[in-house]
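Have a look at the structure below before the remarks.
Not measured: the values here are computed from a predicted model.
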Amino acid sequence: MSRTVILAAAISLALAACSGKESTPVTDAQTPAAQQPADASTNPLLSASTLPFQAPPFDRIKDSDYLPAFNEGMKQHLAEVRKIADNAEPATFDNTIEALERSGETLNRVSRVFFGIVQADTNDARQKIQEEVAPKLAEHQDEINLDPKLFARIKTIYDQRESLGLDPVQKRLVERDYQEFVRAGAQLNDADKATLRKLNVEETTLATKFHTRLVAATAAAAVVVDDKAKLAGLSEEEINTAAADAKARNLEGKFLLPLQNTTQQPVLASLSDRDQRAAVLKASETRAERGDANDTRETVQRLAQLRAQKAKLLGFDNYAAYSLADQMAKTPAAATKLLTDTVPAATAKARGEIAEMQKVIDAQNGGFKLAASDWDFYAEQVRKAQYDLDESQIKPYFELDNVLQNGVFYAATQLYGITFKPRTDIPTYHPDMKVYEVFDKDGTSLALFYTDYFKRDSKSGGAWMDVFVEQNGLTGDKPVVYNVCNFTKPAAGQPALLSFDDVTTMFHEFGHALHGMFSNVKYPSIAGTSTSRDFVEFPSQFNEHWALDPKVFANYAKNYKTGEPMPQTLVDKIMKARTFNQGYATTEYLSAALLDLAWHTQPADAKLQDVGPFEAAALKKFKVDLPQVPPRYRTTYFDHIWGGGYSAGYYAYFWAEVLDHDSFEWFKEHGGLTAENGQIFRDKILSRGNSVELADLYREFRGKDPSVEPLLVNRGLK
């Protein structure tokens, strides 16, 4: 698996994946996985795939293959690493650093396939495998990272790095390997190493438990509606989907409103029944704190405590200090300052938005003060009044396949010259998926790209990108990339119509995909999206800008029935309304990001915190405690930070947004959507992975440090 510390990425995936309902997998779940032989002749995960790009043979993989493949992969990897550590020859870059990059091929293969599928299409069998394998992977990683003989070889090369004739990328890799082994505890004494091993296993186990409970809680908290009249305001298509969802759960004659992973729910913008809106928001906010088997509060309390203890053991004041030391922000103070500096403008704008909505309520003789569950409903009315813009007017112009082909793919072709060809011969793990072969501008084959766009109970919430095969300059492997989203699947025979937020999400996740596809780095552990959290969101957020580029927009915003382009008057309304509701959007984000930092800046001797009071106190401290604007994620369902690898790192989206808006200014200064500009961005940002210090990488592209001004302007805060 390239090198030891990259296992952390696999574990993060393990912690970000699970489900509350069994799907219909390709599996022989009748046979216990642990009893299956680790035989390459029968287990397709134990040898390289013969499919194009080594794409996973999902038509041949059974659930019972995973655990034997994990066990064999860890066994092989450990043997390979021990051979490196025990080498009697003096340590060199080739026999130590590069050898680590080449190690763990089997473990890498099974990890990427399993954690990809368990996140997007899990079932009971996969869930049990995940719970069993996650702590094993933590132990496996510690076995390598805490090996004194291996670290001694790495340290020897690190100490001599200036005199070894290394090229800049090799030197970067040596420095990162050394730093990451130190961060993993390589310099601790034996007693502290033993303590660290226990903390790591407990953290992995608890984070897996958190995610398992959350996915189950989210599915269980879906709101059941008995009376169709309570769904007034929803479209007929949305009501039909709610009826179909209820029927799928054997709730005949009822309607089901599933929850998304955020606090606010899309249906709140349309439901005219105020009590029903309140019920939906309450279900969302309390999904994981109902005192049942899916309650996450005790898990959160202990995770925060043991992370602080781990940080102290490694020489840091708190977990945030530990987590941010190798990020662009470097310190919790820097991350906090970026967020808190924006709070006054964001909350002031949000209060102005509250006043506008209260005027609407009063004009309608509502007789109540705006509540959080009312926000989206009245914001939609204000938007209609101020901008004459109705979400139902624009959805017919955003049919999913057309947005993908003539929007997302079209923009990439204009910028980078790449083209896409459907591949119906590549097996997938679910019928909803599609596969495309990506060709570079010279006609050579560049990558495979999978899409999995529709929500289902077997899928985790949110949207993400990852790879089944990573770009590897040592072996010549080309990337196999996928995007996963949670768009509402239409009823049979109906088109998949998107909101503009959904459209933006498609462009965002494809920005990540481009980062993976264009990677051109020799060493896989610093290739593609293997960057710091506060940089990795930069290419994805940057790609969102093309959704509203006039040339791109005109190419995809067409009525799904008539093919007619969106009328210019409607286009103008969308453009005019771009900064609408940004007080809310910014404040709910800042609340969540600051809440994350509050949890992870506790000292090691802090007592277990009562979740509700701790959250309230943190929001008050940072002056983001507006009752009408709850955090985007409350503590008990904040999967990014407890189960998804973004602990003390949710600020990263805002940090990366500074980069993305600043870099888009460069594009505007140089002519916008052109192939020349795309090539520069590809060469200087998208292809480089983590092969250069990221602040230097950005300066090489931009010619200066980023400015926060474009972000504030684009959010309507200045």
Side-chain angles (χ1 to χ4, degrees), residues 5-6 8-9 158 161-162 166-180 182-183 316 320-342 511-512 514-516 518-523 525-543 545 593 597 645-646 648-667 669-670 677 680-712 714:
V5 291
I6 199 90
Y158 175 79
R161 66 193 184 281
E162 300 295 347
L166 303 176
D167 66 36
V169 175
Q170 291 173 325
K171 184 180 175 185
R172 167 79 166 168
L173 182 59
V174 169
E175 292 172 344
R176 285 190 60 76
D177 272 4
Y178 175 78
Q179 292 162 1
E180 292 186 11
V182 170
R183 285 173 56 78
F316 292 87
Y322 164 75
S323 180
L324 271 64
D326 67 342
Q327 305 292 301
M328 293 186 76
K330 301 301 182 188
T331 67
T336 301
K337 185 177 188 302
L338 173 67
L339 301 173
T340 54
D341 281 356
T342 315
H512 282 308
L514 290 170
H515 200 184
F518 286 152
S519 179
N520 186 23
V521 179
K522 185 174 183 179
Y523 305 105
S525 67
I526 53 173
T529 58
S530 298
T531 69
S532 65
R533 291 184 301 264
D534 48 13
F535 186 89
V536 77
E537 296 298 336
F538 159 38
S540 55
Q541 293 178 174
F542 167 80
N543 203 57
H545 288 280
L597 289 171
Y646 270 67
Y650 195 63
Y651 79 92
Y653 290 91
F654 213 60
W655 191 280
E657 192 174 345
V658 172
L659 303 180
D660 100 62
H661 286 298
D662 186 69
S663 62
F664 194 65
E665 288 298 305
W666 180 91
F667 268 77
E669 292 163 7
H670 291 81
N677 289 344
I680 292 171
F681 193 67
R682 174 177 177 175
D683 290 343
K684 294 191 174 184
I685 298 292
L686 297 178
S687 67
R688 306 287 292 280
N690 202 2
S691 61
V692 179
E693 177 66 38
L694 296 171
D696 294 338
L697 188 70
Y698 188 81
R699 279 190 289 268
E700 283 182 26
F701 162 68
R702 187 67 169 104
K704 65 180 184 68
D705 287 326
S707 167
V708 73
E709 294 301 308
L711 178 150
L712 299 175
N714 275 271

### Message
Within the 3.5 Å criterion, strictly below it, is a donor on H661 or E657 matched to an acceptor on the partner's side chain?
### Response
yes
### Query
Hey, is D662 close enough to K704 for a salt bridge, meaning N to O under 4.0 Å?
yes
### Query
Would you say R682's side chain and S687's backbone share a donor-acceptor pair under 3.5 angstrom?
no
#### Entry: S707 side chain reached by E665 side chain, heavy atoms, under 4.5 Å
no
### Query
Hey, what's the ring geometry for F667 with F664, parallel, tilted or perpendicular (30° and 60° as the breaks)?
parallel
### Message
On a heavy-atom basis, which atom in F316 and which in A325 lie closest, and how many Å separate them?
### Response
CE2-CB, 4.0 Å
### Query
Hey, does the side chain of Y322 reach the backbone of R183 with a donor-acceptor pair shorter than 3.5 angstrom?
yes
### Close side-chain approach of V169 and K522, heavy atoms under 4.5 Å
no
### Message
Please find the pair of heavy atoms, one from A648 and one from A320, that lie closest to each other, and give the distance.
### Response
CB-CA, 3.7 Å
#### Entry: Working for side-chain contact (heavy atoms from CB on, under 4.5 Å), residues T331 and L324
CA-CA 6 Å; T331 67; L324 271 64; 5.9 Å; no
### Query
Which pair of heavy atoms, one from A656 and one from F538, lies closest together, and at what distance?
CB-N, 3.5 Å
### Query
Do side-chain atoms of N677 reach the backbone of H670 as a donor and acceptor pair under 3.5 angstrom?
yes
### Query
When you measure from the side chain of D534 to the backbone N and O of Q327, does any donor-acceptor pair fall under 3.5 Å?
no
### Message
Counting neighbours of NZ on K330 that are heavy atoms of other residues, nucleotides or ligands and sit closer than 6.0 Å, is the number greater than 12?
### Response
yes
### Query
Taking the six-membered ring for Trp, are Y158 and Y178 parallel (under 30°), tilted (30 to 60°) or perpendicular (over 60°)?
parallel
### Query
When rounded to the nearest 0.5 angstrom, what distance separates CG in L686 from CD1 in I680?
12.5 Å
### Task
Walk me through it: do L339 and L597 pass the test side-chain contact (heavy atoms from CB on, under 4.5 Å)?
CA-CA 10 Å; L339 301 173; L597 289 171; 3.8 Å; yes
### Task
Could you check if a side-chain atom of L514 sits within less than 4.5 angstrom of a side-chain atom of P539, using non-hydrogen atoms only?
no
### Summary
Rounded to the nearest 0.5 Å, the CG atom of L166 sits from the CZ atom of R161 at a distance of 10.0 Å
### Query
CD of E537 to OH of Y651: how many Å apart, nearest 0.5 Å?
11.5 Å
### Task
Could you grab the distance from atom CZ of R688 to atom CD1 of I526, nearest 0.5 Å is fine?
10.5 Å
### Task
Could you tell me which non-hydrogen atom of R172 sits nearest to which non-hydrogen atom of V692, and how far apart they are?
NH2-O, 3.3 Å
### Task
List in chain and number order the residues that pass salt bridge (Lys or Arg N to Asp or Glu O under 4.0 Å) with K684, two or more places apart in sequence or in another chain; answer none if no residue qualifies.
none
#### Entry: Ionic contact status for R702 with E669, cut-off 4.0 Å
yes
### Query
Mind checking whether F542 and I685 have side chains closer than 4.5 Å, heavy atoms only?
no
### Message
Using modelled atom types and a 3.5 Å cut-off, is there a donor and acceptor pairing between side-chain atoms of S519 and backbone atoms of G516?
### Response
no
### Query
Are S525 and R176 linked by a side-chain donor-acceptor pair shorter than 3.5 Å?
no
### Query
Are Y523 and Q170 close enough that some pair of their side-chain heavy atoms sits under 4.5 Å apart?
yes
### Stepwise side-chain contact (heavy atoms from CB on, under 4.5 Å) test for L711 and F654
CA-CA 9 Å; L711 178 150; F654 213 60; 3.7 Å; yes
### Message
So which atom in W655 and which in A329 form the shortest heavy-atom distance, rounded to 0.1 Å?
### Response
CH2-CA, 3.6 Å
### Query
After noting the C-alpha distance and the side-chain angles of L697 and N690, does the key distance pass the side-chain contact (heavy atoms from CB on, under 4.5 Å) rule?
CA-CA 9 Å; L697 188 70; N690 202 2; over 6 Å; no
#### Entry: Minimum heavy-atom distance T529-H512, with the two atoms named
CG2-O, 4.0 Å
### Task
Tell me whether the centres of the aromatic rings in Y646 and Y653 are closer together than 6.0 Å.
yes
### Message
A side-chain contact here means heavy atoms from C-beta on lying under 4.5 Å apart; do S663 and Y698 qualify?
### Response
yes
